[in-house]
Protein chains: 2
Amino acid sequence: MSIDPSLIRILTVDDHPLLRKGIAALVNTEDDMKLVAEASSGEEAIEKFRACRPDVTLMDIQLPGLNGIESLSQIQREFPDAKVIVLTTYSGDIQVVRAIKAGARGYLLKRQVHRELLETIRAVHAGQRRIPQEIAVELVDHPRDDLTPREIDVLRLIAGGNANKEIADLLSIGEASVKSYVANILSKLDAKDRAHAVTIGLKRGIIEL
Amino acid sequence: MSIDPSLIRILTVDDHPLLRKGIAALVNTEDDMKLVAEASSGEEAIEKFRACRPDVTLMDIQLPGLNGIESLSQIQREFPDAKVIVLTTYSGDIQVVRAIKAGARGYLLKRQVHRELLETIRAVHAGQRRIPQEIAVELVDHPRDDLTPREIDVLRLIAGGNANKEIADLLSIGEASVKSYVANILSKLDAKDRAHAVTIGLKRGIIEL
DNA sequence: CTTCGCCCCCTCCATTTGGGGGATCTATAG
DNA sequence: CTATAGATCCCCCAAATGGAGGGGGCGAAG
C-alpha cells in the first residue's frame, strides 16, 4: 500500500456531476494522476480536502450557495501549501482576482481545457503558477476597485428592478445614500447606466442571476 | 458489421469539451448506448447529424456564436424524426419554449443529470417525450409572447448601456420607436425597468452576456 | 494620531425613463 | 379579402435617474 510519490492525487469540486465525470474520465487516462475525491459544494470541498489531502484541487468558483472563493480561502488558511486550480466558465470575472488573492495557483476556463488542464495540473503540482495571459490582461485592465459590500447589495437590488426609493426602503437608508452608491457603482464599473451596471456586474461575477 | 437494433447511437453537441467527455464516460458505461459523434458548434452538429444519423442527439442550446435552437430546427426540418434532447445550464429559460417548438423531445438541466440523463435517453429513444415538471411549470408561468427580433435587438442594446437615443441611432430608427419597443419589452417581460429587463432577459436566455 | 476607506446623508437640476394614449405601413396567414 | 403581427413613428407628462456639488461619523491601518 505504498504511495507512489509521482502520482498526483486530485480532488474535483464542481456542482455539475457531468463536468466532474468529464474531469474524472480525462484524469484517469493519465498514468501519473488519480482522482481521489469529488465535491459538489464549498462545504463538501473543505471536508474532502481535510480527509484526502489531495496534491492538486480543481475547483469551480461559481458554486451554488455562497462559497467558492470562500472555501478556497479557508482551505488555504488551513493548508497553506494546498495547490488549487480554479475552473470557471466565463473569463471576464472579478472572481479571478479574488481567486488569485485567495491563493489559487492556476486558472482555467472550462471551455479550452484538454491539454491545458493536464499541463496545468502537472505544472501546478511541480510548484509553478499558471495564469493564462488572457486572464493576466484582465488583471491589468481592471485593477479597478472591487465594489464594497454595500454597493454590491445595491447592485443586486438594481438588477432586481428596484427604483432608488425602493432600494432605500429595502436597505433602510435614505434615497440620497442609494443615489451616491449608484453613482459609485456606475463609476467603478465604468457603466453608462444601471442596466449596463447589471450587465457588467453579471459578466464580472459580482452578482449572480 | 451488423447494427444492433437495440443499441442507441448518440451524438453530443456541447462547446465544453469536458462536458462532452462527461457524457461520453456516462454513456459508454451503458450496454445499450454508444456515443457515435461529438460536435462543439451548431454547424458541426448539423454535419455530424447528416453523417451519422444518430438515434438520439444530446444538445446544449447555449452554443457559442448564433445557433443552438437554429441548428435544432434545421435538423428537424431535414430529419423530422430526429430525436433531440436539449441540455441546458439554467432553467428559467425562454429557450425551452423555442426548443420545444423546434422539436426537442426531451429537456434536461445539466445540474441534475445522472440517472435522469440515461432514463431520458431511453424514453426518448422509445418515442416518448420527457419534459420535466419544473420546466412544464415555466411554460405555464410564462406563456408570454416571445420578444420580436427587433425587441431583442433593443434589449441587447439596453444591456449594453445605451440610452434610447443611442439605440435609435444604432438601429437607424427614431427615438420614439425605441421608446415603444422598450415599453413592449418591459410589458412582455414583466420588468419594472430596463435594468430588470436585462436581468430577466439574461435569465430567460433571450440575450447572452 | 492621522489618514483613508466605507458608509450615511443632503441639495439642485438637466436629462432620461416609463406609462398613457394613437397612427401608418407592410407582410403574412387564414 | 381580412385579420393579425411586426416595425415604425407621434404626443403628453409624471417620475426616476445620474451628475454635480457638499458634509459627517466610525473603524482599521499607517
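Per chain, numbering begins at 1; letters A, B, ... match sequence-line order.
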*Starting from C1' on D:dA7, measure out to CZ on B:Arg150 and report it in whole angstrom.*
8 Å

*Taking NZ, NE, NH1 and NH2 as the nitrogens, is one of them in A:Asp60 or A:Lys110 under 4.0 Å from a carboxylate oxygen of the other?*
yes

*Nearest-nucleotide wise, let me know which of B:Asp193 and B:Pro149 is further upstream toward the 5' end of DNA chain D.*
B:Pro149

_Taking the basic N atoms (NZ, or NE/NH1/NH2) and the acidic carboxylate oxygens, is any pair closer than 4.0 Å for B:Asp15 and A:Arg111?_
yes

*Please round to 10 degrees the angle between the axis of the first five pairs and the axis of the last five pairs in the helix from C:dC1-D:dG30 to C:dG30-D:dC1.*
50°

*Whole-Å distance between C:dG18 C1' and B:Asp190 CG?*
15 Å

*Indicate whether OP1 or OP2 belonging to C:dG19 is found under 4.0 Å from a side-chain N or O atom of B:Ser187.*
no

*Could you tell me whether B:Lys48 and B:Glu38 have a side-chain N and a carboxylate O separated by less than 4.0 Å?*
no

*C:dT17 phosphate, OP1 or OP2: any side-chain N/O from B:Asn164 under 4.0 angstrom?*
yes

_Whole angstroms only, please: what is the NZ-P distance between A:Lys192 and D:dG19?_
12 Å

*A:Ile185 CD1 to A:Ile200 CD1 distance, which is reported to the nearest 0.5 Å*: 11.5 Å

*In whole Å, what is the span from the CD1 atom of B:Ile158 to the P atom of D:dT17?*
15 Å

*Atom NE2 of B:His196 to atom P of C:dG19: distance rounded to whole Å?*
12 Å

*Atom NZ of A:Lys165 to atom C1' of D:dA14: distance rounded to whole Å?*
17 Å

_Check this for me: B:Lys34, atom NZ, are more than 12 non-hydrogen atoms of other residues, nucleotides or ligands nearer than 6.0 Å?_
no

*Using distance alone, with no hydrogens and no angle criterion, decide if B:Glu116 and B:Thr120 have a side-chain donor and acceptor under 3.5 Å apart.*
no

*Cationic N near anionic O, under 4.0 Å, B:Glu119 to B:Arg115*: no

*Starting at atom CD1 of B:Ile167, determine the distance to atom C1' of C:dT17, rounded to an integer number of angstrom.*
11 Å

*Quick one, which residues of residues 169-181 of chain B touch DNA chain D with a heavy atom under 4.0 Å?*
B:Ile173, B:Gly174, B:Ala176, B:Ser177, B:Lys179, B:Ser180, B:Tyr181

*Does B:His125 use its side chain to pair, donor to acceptor, with the backbone of B:Ile121 at less than 3.5 Å?*
no

*For the pair made of CD in A:Glu166 and P in C:dT17, what is the distance, rounded to whole Å?*
18 Å

*Examine the side chains of A:Asn162 and A:Arg194 and answer whether a donor and an acceptor come within less than 3.5 Å of each other.*
no

